[in-house]
Amino acid sequence: MNIWDRKYRDFEEYGMDIISSVSVLPEAHNVFVVADAAAVKEITSSRTQFPKPVKLYTVLSYFGGNIVASEGEEWKRYRKIAAPAFSERNNRLVWEETVKIMADLFENVWGDQKVITVDHAVDITLPIALFVIGVAGFGRRMTWQEDSKLSPGHKMTFKEALHNFSLDFFIKLTTPDWLLKLGLTERMKRANLAFQELEQYMLEMIHARRYAEEKEERYDLFSGLLDASEEEFDGEAKLTDRELLGNIFIFLLAGHETTAHTLCFTFGLLALYPEQQEKLYRHIKSVIPDDRLPTYQEMNSLNESIAVFNETLRLFPPVIAVPKYAAEDTTLVTTDSSGNKVVVPIPQGSGVTLSIAGLHYNPRNWEDPYAFKPERFHGDWPRDAFLPFSAGARACLGRRFFETEGIAILTMLVSRYTIEIKEEPEFAGETFEERKERIFHLKGGLTLTPIRMPLVFKRR
Ligand code: HEM
């Protein structure tokens, strides 16, 4: 079953919001795919009954055990140490640094240009997300201008190492080490070096902060993790350096692409629906009428931006499915298309996949589910049917981090520039629907990935 292409269609055809598919692998069990909001709530609230199949995530433990790729007592320990790092002070840092990164983009990169054209919006959104995680995650500030200062003992700057790490992550994880070390292609050489360099930078940072004579007050995630690991367990069972590496890398991985792609989808939707963009602009201007930079205190007043992000995440959830399995024989309850209650037996060991795409396009939860209507997120809306960040004990730890960053970016951009789809002669005759399909032609991957979103930013 292709969860993204099919969205709610298979559930509609079978007349049920829980469907089972039999795996072709001999040792595999049945997999139940769920798009029923109440059943999803039951699954996400019973972590021990429906744990995470960590085997699927082994590849993510390359740098060491971590919060995403673990379960049980190990996960509890990581979560207890990691959660305090996502603090109010960290959110404030995310806001302030994001505002600086955007101001730097407008002043020093886009400068006096009245029209800026990008062939693919991720050329802008990936670096923004990387710079934000660089400073608010790792405590390393980066700028749009190339910084050529190389730290002693390094062959790449921190920015290059982080950038190449993100580009080459999959190559490194899917190629055996001995083959990669041969460095047969430039890409392999670069991947190898980026991983070594980043690891070395991280170990230096751990060392410098653990053994600093005077501790500085810092609110990046990395420092938060280090502090919490030391305080929580009183020096006894603090995270090992390997575990620290594992967890901080997972923040980078979990937060970079998801954020960059969501921003790209948001820009694309605002370009396709100028009336929604105008509404957002007016709202931002009602909160910040002049040209000054937005403050962290103003974030909660910018609720139109949250509605726009929520509607974008409903239509294009970067994580389209969340896997779980049944730890014991159990049942789930759903209703069929005639409204009759149906009890579905779930044998122990079965896979249970939450279809986020199915849930978000389920017409029982969302009227006219294919339409872009941010206003549905004002007032009362079906919270259990909105799951871009998963839910329950294993919900995303970075949700607020993302929202803070996203609102700062949207506020800065939309108040100064309009966003349009780039006009290209080869697509001159296309209809609105064809255009929408073209720019929202996406592929699966680690996260839902835009293939090409050509945009134009015009100074207001
Ligand atoms: C639009 C942005 C984002 C989306 C849609 C998103 C989505 C998700 C989802 C669906 C999960 C559950 C995955 C699973 O069960 O396998 C998750 C977990 C997680 N996310 Fe995010 N995420 C986003 C941004 C971030 C950011 C910015 C960070 C960190 C800086 C982050 C850190 C984490 C962590 C640490 C977990 C694991 C939580 C646990 O298992 O206890 N995420 N995220």
Side-chain angles (χ1 to χ4, degrees), residues 40 43-44 47 50-61 65-72 74-87 90-91 93-94 97-98 125 128-139 219-222 224-225 246-266 306 308-325 352-357 359-360 386-410 446-449:
V40 163
I43 296 163
T44 53
R47 191 183 58 78
F50 295 101
K52 192 165 185 170
V54 281
K55 255 204 249 157
L56 298 179
Y57 293 74
T58 336
V59 71
L60 301 182
S61 297
N66 63 68
I67 185 169
V68 173
S70 56
E71 246 305 342
E74 189 191 2
W75 165 77
K76 267 197 200 158
R77 179 164 154 263
Y78 293 146
R79 180 98 184 183
K80 201 167 167 195
I81 293 177
F86 291 83
S87 60
N90 179 255
N91 288 335
L93 179 71
V94 171
E97 293 295 334
T98 306
T125 62
I128 295 176
L130 196 68
F131 294 175
V132 176
I133 195 79
V135 62
F138 293 78
Y219 304 116
D220 54 273
L221 297 178
F222 180 82
L225 208 59
N247 281 290
I248 196 73
F249 275 118
I250 220 68
F251 290 173
L252 173 63
L253 207 68
H256 181 221
E257 249 190 40
T258 44
T259 299
H261 293 171
T262 305
L263 289 169
C264 175
F265 300 145
T266 310
I306 273 287
V308 167
F309 277 129
N310 282 350
E311 181 65 339
T312 304
L313 286 163
R314 185 188 67 78
L315 286 169
F316 302 106
V319 180
I320 52 172
V322 175
K324 309 273 184 194
Y325 71 93
V352 178
T353 300
L354 314 183
S355 169
I356 311 301
L359 199 61
H360 287 186
F386 181 66
L387 229 70
F389 299 98
S390 192
R394 303 252 9 194
C396 177
L397 256 183
R399 180 176 188 164
R400 199 67 185 149
F401 187 112
F402 162 74
E403 288 171 349
T404 309
E405 167 178 3
I407 294 177
I409 293 167
L410 214 51
L446 195 56
T447 58
L448 202 56
T449 305

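Every number for a ligand or one of its atoms is a count from 1 in the order of the listing. The figures here come from the full heavy-atom set of this structure, side chains too, leaving out hydrogens, waters and symmetry mates.
Salt bridge annotation for Glu71-Lys324: absent, with no cationic side-chain nitrogen under 4.0 angstrom from a carboxylate oxygen.
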Going by atom type alone, with no hydrogens or angles, which donor-acceptor pairs under 3.5 Å involve a side-chain atom of residues 310-320 and a protein atom two or more places apart or on another chain?
{"unit_1": "Glu311", "atom_1": "OE1", "unit_2": "Arg314", "atom_2": "NE", "d": "2.8"}
{"unit_1": "Glu311", "atom_1": "OE1", "unit_2": "Arg376", "atom_2": "NE", "d": "3.4"}
{"unit_1": "Glu311", "atom_1": "OE2", "unit_2": "Arg314", "atom_2": "NH2", "d": "3.1"}
{"unit_1": "Glu311", "atom_1": "OE2", "unit_2": "Lys373", "atom_2": "N", "d": "2.6"}
{"unit_1": "Glu311", "atom_1": "OE2", "unit_2": "Arg376", "atom_2": "NE", "d": "3.0"}
{"unit_1": "Thr312", "atom_1": "OG1", "unit_2": "Val308", "atom_2": "O", "d": "2.8"}
{"unit_1": "Arg314", "atom_1": "NH1", "unit_2": "His360", "atom_2": "O", "d": "2.8"}
{"unit_1": "Arg314", "atom_1": "NH1", "unit_2": "Pro369", "atom_2": "O", "d": "2.9"}
{"unit_1": "Arg314", "atom_1": "NH2", "unit_2": "Pro369", "atom_2": "O", "d": "2.8"}
{"unit_1": "Arg314", "atom_1": "NH2", "unit_2": "Ala371", "atom_2": "O", "d": "3.1"}

What side-chain donor-acceptor pairs closer than 3.5 Å can you find for residues 51-60, not counting sequence neighbours?
{"unit_1": "Lys52", "atom_1": "NZ", "unit_2": "Val68", "atom_2": "O", "d": "2.8"}
{"unit_1": "Thr58", "atom_1": "OG1", "unit_2": "Lys55", "atom_2": "O", "d": "2.5"}

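Residues forming a side-chain hydrogen bond (donor to acceptor under 3.5 Å, both in side chains) with Arg399 (at least two apart in sequence, or on another chain): Glu403.
Enumerated by chain and number, the residues approaching ligand 1 to less than 4.0 Å through a heavy atom are Lys52, Tyr57, Ile67, Val68, Trp75, Arg79, Phe86, Ile133, Leu221, Phe251, Ala254, Gly255, Thr258, Thr259, Thr262, Pro318, Val319, Val322, Pro388, Phe389, Ser390, Arg394, Ala395, Cys396, Leu397, Gly398, Phe401, Phe402.
Separation of the Phe309 and Phe402 ring centroids falls under the 6.0 Å cut-off.
Partner Glu257 forms a side-chain contact (heavy atoms from CB on, under 4.5 Å) with one of Leu448, Leu252, Thr447 and no other, that one being Thr447.
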